[in-house]
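First comes the structure, then the notes that go with it.
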Amino acid sequence: MGEPAALRATRSSDVNVRTSPTGRLRERDAIGSSIAVRDAVKRYGSFHAVDRISIDIEPGEFITLLGPSGSGKTTLLNLVAGFQSLDSGEILVDGKPVHNVPTHKRGFGMVFQSYALFPNMTVSQNVAFPLRMAGVDRATAERRVAETLEIMRLTEHAAKSPSQMSGGQQQRVAIARAIVRRPRVVLMDEPLSALDRRLRESIQIEIRDLHQTIGSTILFVTHDQGEALTMSDRIAVLNAGKIVQIGRPLDIYRHPTDRFVASFVGESNLIEAEILQKRGSTLTMKNRAGYVFSAESRDTIDVGRATVLVRPERIAVSNEPNANSTPVSVTSAIFLGEILRIEAQMEGGEPLLIRCTDMADRPLPAVGDRLHVSWGAADCWVLA
Ligand code: ADP
Ligand code: MG
């Protein structure tokens, strides 16, 4: 699936478009800006809402700020948008400092949790609004609105008023309004939080596709780890005003730097264990139950005690012991359709959560049943 024909046809006349040496439009990084945040600080009194954050965002990248409520996501987004000013540090867009550029001159598209549509305007009037403000001529504006409604699959709703639309549709109108000028940067602050789960998941995919189509740099804020994993090229995990880890979704999920990231992103078992031996990045470890297993780590881990992360879906379960396994006792088992969710206790008392997908020949375990679990080095990550 390519982009809609209407958009393809008009792109060559768009001032924002850069073409590759062959003259062909590059798909992804065609119009997005780079954003560099350097040592950004924002204080409220003595409280550091943003505490020396630095981040380099590539042109056309989809980057997500992920963190719990109060971690500073909105403050950072507002600094980039120009709604708030830095106490120190700087923000560069395409290499140029923006601290003297007011919000409306930054030309960014913005989407918030509340749709903030104009209730007395139709859908197409709402989407046309930024073009009117920019003094775009009528014919161009009409064409742009039509294209944008098509991209967001809103064409049939053009003449409706916002009150005649569902929450999901209204948010798609707000997104259409944010992208109608083909901004180099789109900022989104928890745009899907007010929607129910199924709607949220379908709009997540729409926003991803939209990003492929328009090529803008997207800075997206969420507290929902699943959403961040689904949508992003890279995720910056925030805690207490700092970025604690930045990386691709798979890296963040598999190789979190610390307990905070490990427990915030995905479900996790954090197991205390002693490092018996270290060979390169592979460690031999023993936990309280006396279970000896291998684990992967960064090279910098010292011998001693450590916390290891084992994801619940990476644990192999068997009814019989084998050379690599350790026994556990079931404390709860729930059938969830595609998986079986088992809570168990290891010898020594540590709890273990297991998400078991290969359950075709397995009856639902009962509380008190004994099972035998194991995991491989690749499924076991030592935290810093
Ligand atoms: P998030 O978007 O991650 O939930 P925010 O960026 O909104 O977090 O807020 C970060 C911290 O800064 C919070 O502790 C919040 O209470 C505080 N904060 C935000 N805005 C203000 C303000 N205008 N005055 C005082 N404290 C604020
Ligand atoms: Mg917020």
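Order of listing sets the numbers, starting from 1, for every ligand and every atom in it.
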Polar proximity ligand 1 side, F47 side, N/O cut 3.5 Å exclusive: no
F112 and F83 aromatic ring geometry - parallel, tilted or perpendicular at 30°/60° bounds: tilted
Test item, G72 contacting ligand 1 (heavy atom, 4.0 angstrom): yes
Ring centers of W381, Y253 separated by less than 6.0 Å: no
Atom indices of ligand 1, in the order listed, that fall short of 4.0 Å to a heavy atom of P68: 3 (O)
Distance flag for atom 27 (C) of ligand 1, protein heavy atom under 4.0 Å: yes
Is_contact(atom 16 (O) of ligand 1), protein non-hydrogen, under 4.0 Å: no
Distance in Å, L77 CG paired with Q84 CD, rounded so as to fall on 0.5 Å steps: 10.0 Å
N239 vs S71, side-chain hydrogen bond (donor to acceptor under 3.5 Å, both in side chains): CA-CA, chis, key distance, verdict: CA-CA 5 Å; N239 188 25; S71 56; over 6 Å; no
Residues which pass side-chain contact (heavy atoms from CB on, under 4.5 Å) with F108, listed by chain and number, not counting sequence neighbours: V80, V93, R106, M110, V185, L187
Aromatic ring pairing F129/F118, orientation class (parallel under 30°, perpendicular over 60°, tilted between): tilted
The Mg ion (ligand 2) - number of protein N/O/S atoms closer than 2.8 Å: 1
A49: numbered ligand 1 atoms lying under 4.0 Å from its heavy atoms: 12 (O)
Heavy-atom nearest neighbour in the protein, as seen from atom 6 (O) of ligand 1, with distance rounded to 0.1 Å: T75 OG1, 2.5 Å
Between H99 and E90: side-chain donor-acceptor atoms closer than 3.5 Å: no
Mutual orientation of the aromatic rings belonging to F62 and F220 [parallel < 30°, tilted 30-60°, perpendicular > 60°]: tilted
T74-ligand 1 polar pair, N/O distance under 3.5 Å: yes
Distance-only side-chain donor-acceptor flag, E272 / T307, under 3.5 Å: yes
Short side-chain donor-acceptor distance under 3.5 Å, T64 and S232: yes
Ligand 1 contacted by G241 (non-hydrogen, < 4.0 Å): no
Atom 4 (O) of ligand 1: nearest protein contact (heavy atom, Å): G70 N, 2.7 Å
Protein heavy atom at shortest distance from atom 23 (N) of ligand 1: Y44 CE2, 3.5 Å
Flag for T222-E227: side-chain donor and acceptor within less than 3.5 Å: yes
